[in-house]
Amino acid sequence: MTEVVPGTQDGVLVRFADGRQETFDLVIGADGAWSRVRPAVSSATPHYTGVTAVEASLDDVDTRHPDVGRLIGDGSMAVYGVNRALVAQRNSGGHVKVFAQFRAPLDWHTNLDRHMGLNRRAGTDAGLDVGLDLADVEAVRSSLLALFDGWATPVLDLLRHGTAFVHRPLYVLPVSHTWAHVPGVTLLGDAAHLMPPLGVGANLAMLEGAELAESVAAAPGPDDLDEAVRAFEEQMWARAGRWAKITTAGLERLVSPDPTEALALFDEVQSS
Ligand SMILES: Cc1cc2nc3c(=O)[nH]c(=O)nc-3n(C[C@H](O)[C@H](O)[C@H](O)COP(=O)(O)OP(=O)(O)OC[C@H]3O[C@@H](n4cnc5c(N)ncnc54)[C@H](O)[C@@H]3O)c2cc1C
């Protein structure tokens, strides 16, 4: 699907990449951060938060890296420093996701010395305009180790043993993103409210999918479809707006020049 055109005589027109096109009564944009449906209802586009995450994976952690497995425990662990954080999350089947997060310009990897001061720290030639090939696993690993230089060995083992590095600059939509209702088109999930990844986005997307399905199923007839979608949108906007504010403030504090902000945030969340 490449484009959605509302308001045609036969309904909402959807154009597909292979040249086909078709009209529908209702088009639901559940197509993520870079939604192709969103332009049909809103001119908002995601912007960079100033924080990048590089994701790594560890498999069979309890067998292959038992010390790392013990460090993470049954849930997740996080370590916070100045403008950077290392977070490890246990998934099922001994799989662990590691997120190295840091404040950096979007193009940080194009010049490690200028943007990150990394070549000097890594002990290579100072002042060289050296870029990082994000597809080069060992180069990414050694740049991350340089970025987290001085951190405790057991924590750095998360990066030393990590595989499958994925570069994820964190983008968000404006907080409390809404739009003037457009008959026959709606959005849900990241397409509607992309926010910092602090454990909410997937849950909201699933809940909204279920709520929209219930609203549509409960509509007495085709003429009531639009009202059902409007009601769904109002409910989604109110809840997602609250979470967008919480997660935006959370990211500011979790990847912060003052790491005590991260600890204070955890204290606040746990006491509530
Ligand atoms: C590093 C990281 C960690 C996260 N951790 C958590 C967490 O612990 N808990 C949590 O709740 N959330 C977490 N999230 C957020 C969560 O991943 C998202 O909020 C969630 O995936 C949004 O779901 P969605 O269905 O809206 O979009 P997506 O998961 O992005 O799904 C959109 C789908 O649409 C498809 N698509 C896109 N364009 C088109 C097109 N033109 N035609 C057809 N299909 C298309 C895509 O291929 C994709 O399958 C995290 C995010 C990141 C980046």
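Just so you know, ligand 1 is whichever comes first in the structure, and atom 1 is the first atom listed for that ligand.
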Name all residues meeting the salt bridge (charged side-chain N to carboxylate O under 4.0 Å, His left out) criterion together with Asp258; count only those two or more places apart in sequence or in a different chain, and write none if there are none. none
Flag the pair His161 / His65 as yes when their ring centroid distance falls below 6.0 Å, and as no otherwise. yes
Looking at Arg239 and Glu234, is any side-chain nitrogen of the basic one under 4.0 Å from a carboxylate oxygen of the acidic one? no
Can you list, by chain and residue number, every protein residue with a non-hydrogen atom closer than 4.0 Å to ligand 1? Met1, Ala30, Asp31, Gly32, Arg36, Gln89, Phe99, Arg168, Gly189, Asp190, Pro197, Gly199, Val200, Gly201, Ala202, Asn203, Ala205
Sequence neighbours excluded, the answer for side chain to side chain donor-acceptor pair (under 3.5 Å) partners of Glu22 is none
Would you call the rings of Phe148 and Trp151 parallel, tilted or perpendicular, taking 30° and 60° as the class edges? perpendicular
For Asp62, which residues count as a salt bridge (charged side-chain N to carboxylate O under 4.0 Å, His left out) partner, sequence neighbours excluded? Arg90
